[in-house]
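All residue numbers in this chain count up from 1 along the given sequence.
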Amino acid sequence: MSFAQQFFGKALQAITAEDVLHFFSKAQYEGHHLEFKSGQVRMDKILKEVSAFLNADGGLLIIGAPRETEVGIGVEPSTIGLPDPSQIESTEVILEAIHHLIEPTPVGIGIAQVPYKGGHVFLLDILPSSIPPHQVGPVGTYYLREGAVSRPANHLELELLFFQKRMPD
């Protein structure tokens with residue numbers, strides 16, 4: 001089952017603006033398989049999340065999500081409200097960055113572009129990679145997903161990823 005199916009109950013390409021509005025009409029929380037970015041996110045942050053999902057167990061990245069709401073100290077922030085649409089022009093812009101700046105070139109990434117109020121909400125359904133690890137950019141940082149956080153991999157984790165091979169389903 002895809003992550004879009006898991007979180008939205010339908011295929012990635014079938015998700016509409018109404019589905020996104022309904023999804024964010026109640027508090028949503030980031031987790032091991034779910035990450036939100038506002039429409040103002042920079043491409044390097046998108047690539048970090050894609051790499052982390054590839055190197056872990058996969059997940060759904062939503063670009064154009066409402067901004068996180070801080071409730072109080074010790075309370076997990078939630079995401080609720082109207083989307084903050086991205087001004088990224090198209091899925092091709094995101095896919096080109098992924099294919100040029102993540103090594104080795106990943107496969108297994110589905111992407112949908114949902115028009116919303118003069119911009120777009122992008123949903124990236126990212127399968128775990130069968131050829132990890134993946135690094136981002138000219139600096140070559142490797143990221144992992146730990147709970148609701150993406151972070152750089154340490155040396156031991158990186159060694160383990162290099163020796164890990166996954167078999168396709």
Check: Looking at Phe36 versus Phe24, is the centre-to-centre ring distance below 6.0 Å?
Finding: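 Between Phe36 and Phe24, the centre distance is under 6.0 Å.
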pair [X]-[Y]: side-chain heavy atoms closer than 4.5 Å:
X      : Y      : value
Arg151 : Glu157 : yes
Ser78  : Gln28  : no
Ile46  : Phe122 : no

Could you grab the distance from atom [atom1] of [X] to atom [atom2] of [Y], nearest 0.5 Å is fine?
X      : Y      : atom1 : atom2 : result
Ile94  : Leu124 : CD1   : CG    : 5.5 Å
Ser150 : Leu47  : OG    : CG    : 12.0 Å
Lys45  : Ser38  : NZ    : OG    : 11.5 Å
Gln13  : Ile111 : CD    : CD1   : 9.0 Å
Leu161 : Ile131 : CG    : CD1   : 12.5 Å

Checklist line | Full working for side chain to side chain contact (heavy atoms under 4.5 Å, CB included) between Ile88 and His120 | finding: CA-CA 7 Å; Ile88 296 173; His120 302 94; over 6 Å; no
Check: Has the side chain of Asp125 got a donor or acceptor atom that lies under 3.5 Å from a matching backbone atom of Ala4?
Finding: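 Between the backbone of Ala4 and the side chain of Asp125 there is a qualifying donor-acceptor contact (under 3.5 Å).
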Next item on the list: State whether the side chain of Arg145 and the backbone N or O of Gly31 hold a donor-acceptor pair below 3.5 Å, judged by distance alone.
Entry: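 The answer is yes, because a donor-acceptor pair under 3.5 Å joins these two groups.
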Next item on the list: Check the hydrophobic clustering (I, L, V, M, F, W, Y; side-chain heavy atoms under 4.5 Å; chains of links allowed) and say if Val149 and Tyr142 are grouped together.
Entry: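 Per the 4.5 Å side-chain linkage, Val149 and Tyr142 are not co-clustered.
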Next item on the list: Please report the shortest heavy-atom distance between Ile62 and Phe23, naming the atom on each side.
Entry: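 Looks like CD1-CE2, 4.0 Å.
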Notebook entry, point to check: Salt bridge or not for Asp84 and Arg67, using N-O below 4.0 Å?
Noted result: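 So Asp84 pairs with Arg67 through a salt bridge.
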Checklist line | Phe3 and Phe7 aromatic ring geometry - parallel, tilted or perpendicular at 30°/60° bounds | finding: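 Rings of Phe7 and Phe3: parallel, under 30°.
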